[in-house]
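Notes follow the structure.
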Amino acid sequence: QELEEGCATKTQEWEEIKKTRADELVALAETIKVLNDDDALELFKKTLPSASASFVQLRVGAVAEKARAHAILRAAAKKSKAPGLDLIALALSGKAAGFEKVIALIDQLVVNLKKEQQG
């Protein structure tokens with residue numbers, strides 16, 4: 001009798017699982033139908049940037065950040081009259097100098113300032 005009750009329970013559970021799976025398959029089929037629709041394709045084209053547009057945006061962003069950093073350094077150099085800041089601003093404005101040299105100059109300036117504070 002316990003075996004029959006266990007089998008009946010398992011059969012009932014299996015029927016629920018099969019029904020749920022069938023409902024999921026129907027939902028997936030409807031989703032695929034919606035996604036394959038031409039309207040969905042047009043929507044995706046509008047929302048996703050093309051590869052060339054994203055590269056242009058990154059390039060413009062980097063140039064804008066460099067210009068902003070340069071303006072901040074120039075303003076700080078005028079305000080503090082520190083020769084190290086002038087040198088960093090000059091290096092940043094040069095075409096050949098990259099941020100690696102600027103970072104090294106900033107690190108050296110920090111070391112010098114720490115020495116001045118201790119002395």
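Just the heavy atoms: all of them, side chains too, but no hydrogens, waters or symmetry mates, feed the values below.
- For K33 and D37, the salt-bridge test fails: no basic side-chain N is under 4.0 Å from an acidic carboxylate O.
- Cluster partners of W14, using a side-chain heavy-atom cutoff of under 4.5 Å among ILVMFWY residues and allowing indirect links, are I17.
- For the residue pair E116/N112, the side-chain donor-acceptor check at 3.5 Å is not satisfied.
- Open room surrounds CD on E4; 12 or fewer heavy atoms of other groups in view lie less than 6.0 Å from it.
- Between K19 and E16, no side-chain nitrogen of the basic residue sits less than 4.0 Å from a carboxylate oxygen of the acidic one, so the salt-bridge criterion is not met.
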Checklist entry - Can V34 and E30 be said to form a side chain to side chain contact (heavy atoms under 4.5 Å, CB included), step by step? => result CA-CA 6 Å; V34 168; E30 289 175 5; 5.6 Å; no

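- Taking CD from Q108 and CG from L113, the interatomic distance works out to 10.0 Å, rounded to the nearest 0.5 Å.
- Other residues, nucleotides and ligands contribute more than 12 heavy atoms inside 6.0 Å of the CD atom of E15.
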